[in-house]
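Throughout, protein chains are lettered first and strands after them, A, B, ... in sequence-line order, and every chain is numbered starting at 1.
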Amino acid sequence: MSENDNMPYEQSDLYRIRHSAAHVMAEAVREHFPEAKLAIGPPIADGFYYDFDLGQDENGKPRTFSPEDLEKIEITMKKLLKKNAKFEQSSKTIAEAREFFADAPYKLELIEELAAGKVDENGNPISEPVTEVGIYQHRNFVDLCRGPHVGFTKQVKANAVKILRSSGAYWRGDENRAQLQRIYGTAWHNKAELDTHLKLLGEAKARDHRRLGKQLGLFHISQLVGSGLPLWLPKGAILREELESFLRQAQVERGYLPVITPHIGKLDLYKTSGHYPYYKDSQYTPIDVDDEQFLLKPMNCPHHIEIYRSQPRSYRDLPLRLAEFGTVYRYEQSGELNGLTRVRGFTVDDSHLFVAPEQLEEEFIGVVSLIQHVFQTMGFSDFRARLGTNDPNSDKYAGAPEMWAKGIAAIRKAADKAGMSYTVEEGEAAFYGPKLDFIFRDVLKREWQLGTVQVDFLLPERFDLAYTAVDGQKHRPVMIHRAPFGSMERFVGILIEHFNGAFPLWLSPVQVVMIPITDRHVAYANKVATELRAAGVRVEVDASNERMNKKIRNAQLQKVPYMLVVGDKEEESGAVAVRTRENEDRGAIPLAEFLAGATDLIASKAVEL
RNA sequence: GCCGACGUAGCUCAAUUGGCAGAGCAAUGCUCUUGUAAAGCAUAGGUUAUGGGUUCAAGUCCCAUCGUCGGCUCCA
């Protein structure tokens, strides 16, 4: 790529190319749908989109793009790019713009917001009212736009552009407003880059955790059980239990205490905590029993708080770190469900730390270091932290401004002390407090929010939590909510895609497959398997009536780390012929030697075989 | 929830303008006894997501419901 990696995207050639591609695509749409009203069409990561309002069909329903329409639009778009035209920049006063865009209601709305000094075309707040707006024109296509663009349409190579899909999208991202028709496209410097990108999309599809989950027998979603309620198959359950026991061990070492709480609780519990109003729209309907209402728990915190309150607490009890792999239920909208990464019932590797105010910083740093330990063990090196703060203009957040300020300051101080750099994003907080999220970039450069740490002054107040301090007086503790994995479902989904199903040895559901060459070697294979199992290795014996080659192929497709081929030679010498899923043939080695090596790698949670 | 596409055997997919539902893999049985990514033969497997409708005739056309996928909104 010709761009300097440090250059902001907004100043790059690709940004101009994509922005210009969006304009020419809109020009093409206007050729097929002259009545289409234009909304916005910005560049995005890897491409661009443009939103259109196509009016209504004869039945009064909003018109939409058919797949055939998209094909036509792409052909026209390429023709228009090649036809070449200059992008000319100019500006109009607000009054001129109002008049010029009189028939473009969405553009008018943008102009009014700019004139009022509210937000720019991307919805970002602007500091002061705008008096002149930018205009870009090529041929007869004129758009309200601050650019930048390429000089000529030909600079967007027709063979480096592709229309990808269309979908509905709400105007201004607001589901209460009109739903527009969005067309997504992608554009690159040249055809080779486009092909590379399309290949990457294909790769991402091939390692989709839903596809691999089926192939590798990890999980199953049954229509009869319900959407978004995954069933963990034996191999998936092994993987999950390995992760859980790893974290349990790390928590024991750090003084966490286990607790177990039920899956439902009285509605009043969540009214007290404040979860009910905030999560109302995404909760299962309350269960009515004997004039009482119960809720499937949407969060574990209130239950853990009741454990804190089960007895009087002293400063000597603090910090109290209660941990549970707690399953919660949220009624996500049907269109939001996605394999394991977006479900309706999921298990949080949850913990709530009840700390004295003066312990907050140290405990927070301890949690950050635990999360770093978890990521490091997984072999995740590419991640960043994000400080999510409240949006003062939103009513989504509870509690007094001082509490928020205190929480944010505490996180900043702790993060700085821990040497953790982070970005700040307003409106990314939990309703009860600010949080530090850990965002992981997988091998395909996709970002996923995993671990989270949240500081909470609100719930201790709501539940009137207290402890007796050295001074003999009641003091209020502070809570830290945290989850290094986030949710077991999402984490495993991401793990599947990151490793493409070839998990590190310690996580592999089957670590070794025994491959006897003929029937007469099955007994020896079983003997070896018994020995390996006794040492804690997960082994399967492939005693099927198949050729060795087929057994290797099957094990390979299941991404089993080690295949141990045994025939006459191995049986005579007490050896195993080691083959790895990386197609590496290590030849015959003594069983004891293989076992020692494998158990070492398992114990050290090595990523490499 | 909204917009669009889709739903055929356990899996991956065929089935001409509406005209006898099919293949490969997997499964099961038999034969072969095999040295580093697919042995051969045979058998079984379906109310074409569900419910209505149009038609002499529906996998195919129409309506509704459920589900999946891609987005939007939302989110661990």
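- A:R210 has a side-chain polar atom (N or O) that falls below the 4.0 Å cut-off from OP1 or OP2 of B:G70.
- Closest-nucleotide positions on RNA chain B for A:G339 and A:Y170 were compared, and the one nearer the 5' end corresponds to A:Y170.
- When Watson-Crick and G-U wobble pairs are counted only if both distances are under 3.5 Å, B:A26 pairs with no nucleotide at all.
- Side-chain proximity of A:L557 to the nucleotides B:A37, B:G35, B:C2 is greatest for B:A37.
- B:C69: Watson-Crick or G-U partner is B:G4, with both key distances under 3.5 Å.
- Judged by a 6.0 Å distance limit and a 45° cone about the ring axis, A:R177 is not positioned over the six-membered ring of A:Y170.
- Rounding to whole angstrom units, CZ of residue A:R581 and C1' of B:U36 are separated by 17 Å.
- For A:N545, the listed nucleotide lying nearest its side chain is B:C32; candidates were B:C32, B:A37, B:G67.
- For A:D568 and B:U33, the CG to P distance is 14 Å, given to the nearest whole Å.
- Atom name P, nucleotides B:G7 and B:U60: the rounded distance is 11 Å, in whole Å.
- In this model, the phosphate group of B:C72 is approached by a side-chain N or O of A:Y184 to a distance below 4.0 Å at OP1 or OP2.
- With the nearest nucleotide of RNA chain B identified for both A:G228 and A:A169, A:G228 has the one nearer the 5' end.
- With A:D437 as the partner, the salt bridge (Lys or Arg N to Asp or Glu O under 4.0 Å) test is satisfied by one option alone out of A:R384, A:R386, A:R482: A:R386.
- Comparing atom distances between the A:R547 side chain and each of B:A37, B:U73, B:A39 picks out B:A39 as nearest.
- Atom name P, nucleotides B:G18 and B:A57: the rounded distance is 15 Å, in whole Å.
- Using modelled atom types and a 3.5 Å distance limit, the side chains of A:E571 and A:H521 yield no donor-acceptor pair.
- Using a 4.0 Å heavy-atom cutoff across all strands shown, A:S282 reaches no nucleic acid atom at all.
- Distance check on atom C1': B:C30 versus B:A23 gives 23 Å, rounded to whole Å.
- Base-pair partner of B:A9: not found among the strands shown (Watson-Crick or G-U wobble, both distances under 3.5 Å).
- Taking 4.0 angstrom as the limit, A:K550 places none of its side-chain polar atoms (N or O) nearer than this to OP1 or OP2 of B:G35.
- Evaluation of atom-type donor-acceptor distances gives no pair under 3.5 Å for the side chain of A:Y49 against the base of B:G71.
- Proximity of A:R182 to the phosphate of B:C3: no side-chain N or O atom is located under 4.0 Å from OP1 or OP2.
- To the nearest whole angstrom, the two P atoms, one in B:G22 and one in B:A44, are 13 Å apart.
- Atom CZ of A:F491 is separated from atom P of B:A76 by 17 Å (rounded to the nearest Å).
- Side-chain atoms of A:F440 and A:H498, non-hydrogen and from C-beta on, do get closer than 4.5 Å to each other.
- Checking B:G1, B:A39, B:G71 against the side-chain heavy atoms of A:E546 singles out B:A39 as nearest.
- In this structure, the CD atom of A:Q179 is 10 Å from the C1' atom of B:G1, given to the nearest Å.
- Of the candidates B:U12, B:G71, B:C75, B:C75 carries the atom nearest the A:R330 side chain, counting heavy atoms from C-beta on.
- Rounded to the nearest Å, the gap between the P atom of B:G46 and that of B:U50 is 13 Å.
- Considering only side-chain atoms of A:R490, the nucleotide from B:C2, B:G4, B:C75 that sits closest is B:C75.
- With both ends at atom P, the span from B:G10 to B:A26 equals 16 Å, rounded to whole Å.
- Here the separation of B:U54 from B:U12, taken at their P atoms, is 35 Å to the nearest Å.
- A 4.5 Å side-chain heavy-atom check between A:Q372 and A:M420 finds at least one atom pair inside the cut-off.
- The shortest distance between side-chain heavy atoms of A:D456 and A:H352 does not fall below 4.5 Å.
- The base-pairing partner of B:G18, taking Watson-Crick or G-U wobble contacts with both distances under 3.5 Å, does not exist among the strands shown.
- Here the P atom of nucleotide B:C11 and the CG atom of A:L212 are 16 Å apart, to the nearest Å.
- In the set B:G35, B:C72, B:U36, B:C72 carries the atom at the smallest distance from any side-chain atom of A:E336.
- Comparing B:C3, B:G70, B:U36 by their nearest atom to the side chain of A:R165 picks out B:G70.
- The aromatic rings of A:F485 and A:F246 are tilted relative to each other, their planes meeting at an angle between 30° and 60°.
- With distances taken from any side-chain atom of A:A577 to the nucleotides B:U73, B:A37, B:G35, the minimum falls on B:G35.
- For B:G35, there is no paired nucleotide, since no Watson-Crick or G-U wobble pair has both relevant distances below 3.5 Å.
- Look at A:F65 and the base of B:G4; the rings do not stack under the cut-offs of 5.5 Å between centres and 30° between planes.
- At B:G67, none of the side-chain N or O atoms of A:S334 fall inside 4.0 Å of OP1 or OP2 (strictly under the cut-off).
- Here the nucleotide nearest the side chain of A:N583, chosen from B:U73, B:A37, B:U68, is B:A37.
- Protein atom CZ of A:F485 is 13 Å distant from nucleotide atom C1' of B:A76, rounded to whole Å.
- Between A:H481 and A:L459, some side-chain heavy-atom pair lies under the 4.5 Å cut-off.
- A:Q56 has its CD atom 15 Å from the C1' atom of B:C3, to the nearest Å.
- Regarding A:D174, its CG atom lies at a distance of 16 Å from the P atom of B:C2, rounded to whole Å.
- The same atom, C1', is picked in B:C13 and in B:A21; the two are 14 Å apart, to the nearest Å.
- Aromatic rings of A:F33 and A:F52 (six-membered ring for Trp) have centroids beyond the 6.0 Å cut-off, not under it.
- Remark: the A:D519 side chain and the B:U33 base include a donor-acceptor N/O pair separated by less than 3.5 Å.
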